[in-house]
Amino acid sequence: LLNMALDLRKMEVGKSSMKMENCNFNEWLTGVTQDIVTEGQAEGVAVIRELDPALTAVDFDKVKCETIMVNILMNAIKHSKAGDTITISTELTEEGMVRTSISDEGPGLKDIDPEKMFTRFYQSNSEQYGSGIGLSYSKILVELHGGRIGAYNNPDSGATFWWEIPAASSLVGSETPAKAYLN
């Protein structure tokens, strides 16, 4: 939490940068989620990956995207119980966006105001844990990539959180200022 708060402050004053790299997105995703997958399995939650084979080289800031992925996946595990399954999927959209989705079988988005869900310090009435920073921080990081983030209730149970970023960027190999304005 402290690191997120410090990084947010750096972005507010223009002292943070995006380090865009080109790498295999599915391989990166598998690597950064492995420890969390193991943690979920220890709690009796199955975590599976359904990765789009068409998705290979993507331009993104690996550190910032790891933060996004960890925040959303940890929320899914937190709201799951033993015997549930979480599915991590990737997709290369027709618009040239890389979409990553995390679907769980938890309580879904009941008691959550969708207009406030990605606002700093927001917590639903039923939320017992957390600070209300992770999703707002993730939204900022996704938007710095020129992407979008959202969530919806699954038809049967649970929720799906998704985020997407452009597959290609003209900023690869460069460090560019990451300026964020917090809401």
Side-chain angles (χ1 to χ4, degrees), residues 4 21-41 43-81 83-119 122 124 127 130 132-169:
M4 279 192 275
E21 298 179 55
N22 183 276
C23 74
N24 184 301
F25 192 83
N26 287 336
E27 288 178 10
W28 166 83
L29 182 84
T30 300
V32 301
T33 59
Q34 188 55 50
D35 287 342
I36 300 169
V37 167
T38 302
E39 182 178 326
Q41 290 169 338
E43 295 181 26
V45 177
V47 182
I48 60 172
R49 296 181 191 95
E50 296 176 351
L51 307 179
D52 184 348
L55 193 56
T56 55
V58 175
D59 303 338
F60 63 104
D61 183 313
K62 294 192 292 189
V63 172
K64 288 181 175 29
C65 286
E66 180 175 353
T67 300
I68 298 163
M69 194 64 219
V70 168
N71 280 336
I72 296 173
L73 185 53
M74 289 303 293
N75 276 346
I77 290 174
K78 177 173 69 171
H79 293 287
S80 296
K81 61 187 180 317
D84 284 355
T85 299
I86 296 172
T87 303
I88 303 168
S89 60
T90 60
E91 170 190 9
L92 181 59
T93 70
E94 291 180 12
E95 297 81 27
M97 302 293 279
V98 175
R99 179 174 278 223
T100 304
S101 300
I102 299 94
S103 299
D104 65 46
E105 296 174 332
L109 302 176
K110 63 181 179 191
D111 300 325
I112 294 177
D113 183 342
E115 299 295 320
K116 295 180 181 175
M117 179 183 333
F118 295 98
T119 303
Y122 174 75
S124 71
E127 183 67 39
I133 293 176
L135 289 178
S136 66
Y137 184 53
S138 295
K139 179 180 187 242
I140 291 166
L141 297 177
V142 167
E143 289 175 348
L144 286 172
H145 280 83
R148 302 178 312 145
I149 190 170
Y152 56 86
N153 279 310
N154 297 334
D156 296 326
S157 68
T160 297
F161 281 78
W162 59 269
W163 55 284
E164 61 184 23
I165 59 173
S169 169

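Being a predicted model, the structure only gives us computed values, none of them experimental.
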Taking the side chain as everything from C-beta on, heavy atoms only, tell me whether Phe25 gets closer than 4.5 Å to Leu51. no
Atom SG of Cys23 and atom CG of Asp59: how far apart are they, to the nearest 0.5 Å? 9.0 Å
Carefully, step by step, assess Thr100 and Ile68 under the rule side chain to side chain contact (heavy atoms under 4.5 Å, CB included). CA-CA 10 Å; Thr100 304; Ile68 298 163; over 6 Å; no
Does Glu94 have any side-chain contact (heavy atoms from CB on, under 4.5 Å) partners at least two apart in sequence or in another chain, and if so, which? none
With heavy-atom distances below 4.5 Å as the criterion, would you say the side chains of Val58 and Trp28 are in contact? no
From the list Val142, Leu141, Asn71, side chain to side chain contact (heavy atoms under 4.5 Å, CB included) with Trp163 holds only for Val142
Taken to the nearest 0.5 Å, the spacing of Phe161 CZ from His79 NE2 works out to 7.5 Å
Minimum heavy-atom distance between Leu92 and Ala54, given as atom pair plus value: CD2-O, 4.1 Å
Separation between CD1 of Ile165 and CZ of Arg99, rounded to the nearest 0.5 Å: 12.5 Å
Is the side chain of Asp104 donor-acceptor paired with the backbone N or O of Ala159 at a distance under 3.5 Å, no angle test? yes
Do Ile36 and Val47 pass the side chain to side chain contact (heavy atoms under 4.5 Å, CB included) test, and can you show the C-alpha distance, the side-chain angles, and the key distance before you say yes or no? CA-CA 9 Å; Ile36 300 169; Val47 182; over 6 Å; no
Please check this pair: side chain of His145 against backbone of Asp61, looking for a donor-acceptor N/O pair closer than 3.5 Å. yes
Measuring only between side-chain heavy atoms, which start at C-beta, is Val45 closer than 4.5 Å to Glu105? no
Residues at least two apart in sequence or cross-chain that pass side-chain contact (heavy atoms from CB on, under 4.5 Å) with Lys81, listed by chain then number, are Asp84
So that I can tick it off, tell me whether Glu66 and Lys62 are bridged by a salt bridge, with the cut-off set at under 4.0 angstrom between side-chain N and carboxylate O. no
For Ser103, all residues meeting side-chain hydrogen bond (donor to acceptor under 3.5 Å, both in side chains), sequence neighbours excluded: Thr160
Test of understanding: with salt bridge (charged side-chain N to carboxylate O under 4.0 Å, His left out), list the residues that count as partners of Arg148, not counting sequence neighbours. Glu164
Mind checking what makes salt bridge (charged side-chain N to carboxylate O under 4.0 Å, His left out) contact with Glu43, not counting sequence neighbours? none
Which distance, rounded to the nearest 0.5 Å, do you find between the CG of Leu29 and the CZ of Arg49? 7.0 Å
With rounding to the nearest 0.5 angstrom, report the CD1 to CH2 distance, Ile102 to Trp162. 11.5 Å
Who pairs with Ile48 by side-chain contact (heavy atoms from CB on, under 4.5 Å), at least two apart in sequence or on another chain? Glu50, Thr85, Thr87
Test side chain to side chain donor-acceptor pair (under 3.5 Å), reference Asn26, set Thr56, Thr90, Asp52, output is Thr90
